[in-house]
Amino acid sequence: MVALIDCNSFYASCEQVFRPDLWGKPVVVLSNNDGCVIAANREAKALTDIPMFEPVFKIREQLKAHQVNVFSSNYAFYGEMSQRVMNILHQFSPQVEVYSIDESFIDVTGIISADATAYAAQIRDRVYRYTGLPVGVGVAKTKVLAKAANRIAKKFHRQLNTVYVIDTEEKRIKALKWLKVEDVWGIGRQHAKRLKSIGVHTAYEFTKLSAGWVRRHMTVVGLRIWDELNGRPRLGIQEMPKPKKGIGTAKSFGRPLEDLGLIEEACAYYISEVAEVLRAQKSCATFINVFLHTNRFSVKDAQYSNSITITLPVATNDTLRLIASAKKALYQIYKPGYRYKKVGVCLLGIVPQEFVQGNLFHPEKKNVQALMETFDRLNYKYGKAKVYSALCGNRKKEWQLIQEERGPRYTTRWDELAVIHTKKQPPA
DNA sequence: TCTGGGGTCCTAGGACCC
DNA sequence: TCTGGGGTCCTAGGACCC
């Protein structure tokens with residue numbers, strides 16, 4: 001049996017944990033650059049004129065009218081709260097697969113007692129008690145069914161209290177008949193459209209299609225889902241996260257940029273960020289991909305986008321070498337005269353640091369490892385980007401993303417800790 | 001004025017090898 | 001009339017996830 005634990009409206013819930021004054025009130029969290037709504041709590045979802053993924057500038061009036069509490073995204077904070085939740089889940093099973101920032105699968109085979117619902121409720125209660133975050137728990141024989149159970153748990157939260165177990169054939173059939181085909185985990189827009197066109201509207205109807213049809217039109221991926229819905233496990237619990245195949249970042253600028261100098265600085269800064277992640281997992285990169293594009297939504301701006309992948313002479317995790325290569329790549333795709341909206345970098349061909357193939361003509365610079373370690377130690381101790389390459393420049397204000405409403409980073413900054421005021425000592 | 005970011009996996013087709 | 005068979009590697013594109 002597998003349990004799926006999923007935090008309710010995770011980002012919005014995080015913002016509410018240390019703000020009791022917001023409990024029961026609508027809260028939304030915005031994407032980077034304060035672009036669109038990417039998370040909304042139950043109260044905000046109830047306001048039908050505030051759809052998810054809607055650009056903020058289009059719904060500013062509605063947000064104001066409903067007195068919605070709006071936050072910029074605060075990933076340092078969400079990441080740390082996620083860590084707390086995942087740590088608690090390890091108390092319930094030795095096998096935990098952290099699937100995303102707000103959900104985990106845990107293997108409860110042989111652990112879950114006769115009363116599976118009570119066990120699931122215990123998970124929910126402990127996470128809430130230790131972190132203040134509400135979660136839903138779905139339990140079933142396969143991951144795809146656990147996902148379905150979780151959806152039922154949340155949909156009928158009043159009756160079920162956000163916990164649901166599919167442990168009998170009757171319950172499985174009932175769940176599948178209720179679940180719309182487009183809501184099956186792994187069936188997206190395209191496949192849902194095709195399935196509906198042949199009269200398949202529910203998960204149950206999907207399971208009644210032939211294996212051959214599913215394989216032909218939805219590849220082996222679809223077939224696995226089909227099996228899982230039929231109660232045959234095909235997706236295992238992936239305890240050890242696979243090493244990443246690429247580490248990238250790409251963020252929109254706060255305003256459009258034409259100047260190559262500024263784009264170079266942003267690019268160098270992004271490289272510094274991803275190189276730090278690379279070193280943290282003790283790897284080196286063999287290729288760098290750099291891409292650049294204008295604002296695709298703008299009708300009046302001329303459009304241009306390009307991307308290039310270059311091979312490094314030697315796989316490396318040296319920020320300075322990576323920046324030098326990325327800059328060369330950027331020069332090859334930059335064309336003057338456009339208003340650029342975004343530059344992105346991606347490190348590829350990731351290999352363990354100890355297996356890097358040397359290059360006779362590009363000897364490793366002396367003391368590079370020591371220098372990078374010093375970089376990372378200082379930045380860990382004194383805060384992000386306290387030490388950086390001069391190639392990142394000092395004009396970050398000109399390109400960095402907009403975050404007007406970011407809340408405190410309660411759990412990762414000493415000067416932003418939550419403060420509790422008592423009645424006797426009013427705030428100074 | 002203003003429209004997110006970071007990933008995974010699979011397939012088909014082309015280039016190439018012997 | 002008829003033009004092999006068995007591979008690998010790479011890339012682009014499509015589909016999906018949170």
Side-chain angles (χ1 to χ4, degrees), chain A residues 4-12 28-39 51-61 63 70-75 78-79 82 97-105 143-144 147 150-151 181-195 214-225 234-235 238 241-256 270 273-274 277 286-287 289 291 293-301 303 307-309 311 339 341-350 401-405:
Chain A
L4 171 67
I5 298 94
D6 178 317
C7 300
N8 307 348
S9 316
F10 182 57
Y11 297 168
V28 299
V29 177
L30 309 183
S31 64
N32 267 342
N33 244 2
D34 292 349
C36 337
V37 174
I38 55 164
M52 288 278 253
F53 304 108
E54 191 72 0
V56 174
F57 71 90
K58 288 189 183 170
I59 53 167
R60 233 178 257 293
E61 292 302 308
L63 289 169
V70 177
F71 289 90
S72 301
S73 37
N74 185 350
Y75 291 103
Y78 308 148
S82 169
E97 173 184 342
V98 177
Y99 178 71
S100 75
I101 194 164
D102 74 332
E103 64 190 284
S104 270
F105 291 99
K143 280 174 146 184
V144 178
K147 267 275 189 189
N150 185 289
R151 183 175 272 271
V181 76
E182 66 264 36
D183 293 335
V184 173
W185 184 48
I187 296 182
R189 264 223 314 275
Q190 301 304 320
H191 287 316
K193 203 168 130 195
R194 153 157 243 156
L195 287 164
V214 176
R215 173 69 183 83
R216 210 163 35 251
H217 295 105
M218 299 173 69
T219 81
V220 295
V221 181
L223 196 58
R224 280 200 285 262
I225 293 161
R234 289 289 180 269
L235 305 167
Q238 183 100 53
K242 288 189 189 154
K244 286 199 198 309
K245 302 200 165 163
I247 301 172
T249 190
K251 279 166 281 213
S252 302
F253 305 126
R255 62 174 178 86
Y270 295 163
E273 286 185 328
V274 291
V277 176
T286 317
F287 315 103
N289 175 262
F291 66 86
H293 61 74
T294 49
N295 181 0
R296 68 182 199 277
F297 293 106
S298 171
V299 282
K300 62 178 207 296
D301 285 328
Q303 296 290 319
S307 152
I308 186 171
T309 301
T311 306
R339 285 155 50 84
K341 187 62 184 168
K342 185 187 281 185
V343 68
V345 299
C346 192
L347 305 178
L348 300 156
I350 292 171
L401 45 83
I402 296 162
Q403 279 193 323
E404 307 229 305
E405 312 287 349

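Since we're looking at a predicted model, the values are computed, not measured. Chain identifiers are assigned alphabetically (A, B, ...) following the order of the sequence lines, protein sequences preceding nucleic acid strands; residue numbering begins at 1 within each chain.
- Listed by chain and number, the residues in a salt bridge (Lys or Arg N to Asp or Glu O under 4.0 Å) with A:Asp6 are A:Lys154 (sequence neighbours excluded).
- Although no hydrogens or angles enter the test, the distance criterion places a donor-acceptor pair under 3.5 Å between the side chain of A:Ser31 and the main chain of A:Cys36.
- Between A:Arg296 atom CZ and B:dT3 atom P the separation is 10 Å, expressed in whole Å.
- Following rounding to the nearest Å, A:Leu63 (CG) and B:dC2 (C1') show an atom-to-atom distance of 13 Å.
- Distance CG (A:Asp34) to C1' (B:dT3): 12 Å, rounded to an integer number of Å.
- Applying the side chain to side chain donor-acceptor pair (under 3.5 Å) criterion to A:Arg296, with sequence neighbours excluded, gives no partner residue.
- In this entry the distance linking CG of A:Leu401 with P of B:dG5 reads 8 Å, nearest Å.
- Taking the side chain to side chain donor-acceptor pair (under 3.5 Å) definition, one finds that A:Asp34 meets it with A:Ser72, sequence neighbours left out.
- Partners of A:Asn150 according to the side chain to side chain donor-acceptor pair (under 3.5 Å) rule, which considers only residues two or more places apart in sequence or in another chain, do not exist here.
- Looking at which nucleotide of DNA chain B each of A:Asn295 and A:Ile247 is closest to, the 5′-most match is held by A:Asn295.
- Among the atoms of the strands shown, none is found under 4.0 Å from any heavy atom of A:Lys300.
- For A:Arg151, there are no side chain to side chain donor-acceptor pair (under 3.5 Å) partners two or more places apart in sequence or in a different chain.
- Every residue meeting the ring-ring contact (aromatic ring centres under 6.0 Å, His included) condition with A:Tyr75, not counting sequence neighbours, appears here in chain and number order: A:Tyr11, A:Tyr78.
- For the OP1/OP2 pair of B:dT3 and a distance below 4.0 Å, the side-chain nitrogens and oxygens of A:Ser252 include no atom meeting the criterion.
- Side-chain N or O atoms of A:Ser82 include none that pairs as donor or acceptor with a backbone N or O of A:Asp102 at under 3.5 Å.
- Nucleic acid contact class of A:Thr249 (heavy atoms, under 4.0 Å, all strands): sugar-phosphate only.
- Whole-Å rounding puts the A:Phe253 CZ to B:dG4 P distance at 14 Å.
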Pairs: protein N or O with nucleotides 8-11 of chain B N or O, under 3.5 Å:
from   : atom 1 : to       : atom 2 : distance (Å)
B:dT8  : OP1    : A:Lys245 : N      : 3.3
B:dC9  : OP1    : A:Lys242 : NZ     : 3.1
B:dC9  : OP2    : A:Lys245 : NZ     : 3.1
B:dC10 : OP1    : A:Arg224 : NH2    : 3.1
B:dT11 : OP1    : A:Arg215 : NH2    : 3.4

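- Residue A:Asn33 is out of contact with every strand shown, counting any heavy-atom pair closer than 4.0 Å.
- Looking at residues two or more places apart in sequence or on another chain, you find no ring-ring contact (aromatic ring centres under 6.0 Å, His included) involving A:Phe253.
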| Could you write out DNA chain B as a dot-bracket string, with dots for unpaired bases, | for bases paired across to another strand, and Watson-Crick or G-U pairs counted at under 3.5 Å? | ....||||||||||||||
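- A:Asn33 places no side-chain N or O within donor-acceptor distance of the main-chain N or O of A:Gly35, the cut-off being under 3.5 Å.
- Of the two residues near DNA chain B, A:Pro55 and A:Cys346, the one whose nearest nucleotide lies more 5' is A:Pro55.
- Between A:Tyr11 atom OH and B:dG6 atom P the separation is 11 Å, expressed in whole Å.
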| note | Readout for nucleotides 13-18 of chain C: B = base within 4.0 Å of protein heavy atom, S = sugar-phosphate only, - = neither; 5' to 3' it is --SSSS
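- Atom CD1 in A:Ile402 sits roughly 16 Å away from atom C1' in B:dG5 (whole-Å rounding).
- A:Asn32 places its CG atom 7 Å from the P atom of B:dG6, with the value rounded to the nearest Å.
- Judged as a side chain to side chain contact (heavy atoms under 4.5 Å, CB included), and not counting sequence neighbours, A:Lys245 has no contacts.
- The salt bridge (Lys or Arg N to Asp or Glu O under 4.0 Å) check on A:Lys251 picks up A:Glu273, with sequence neighbours excluded.
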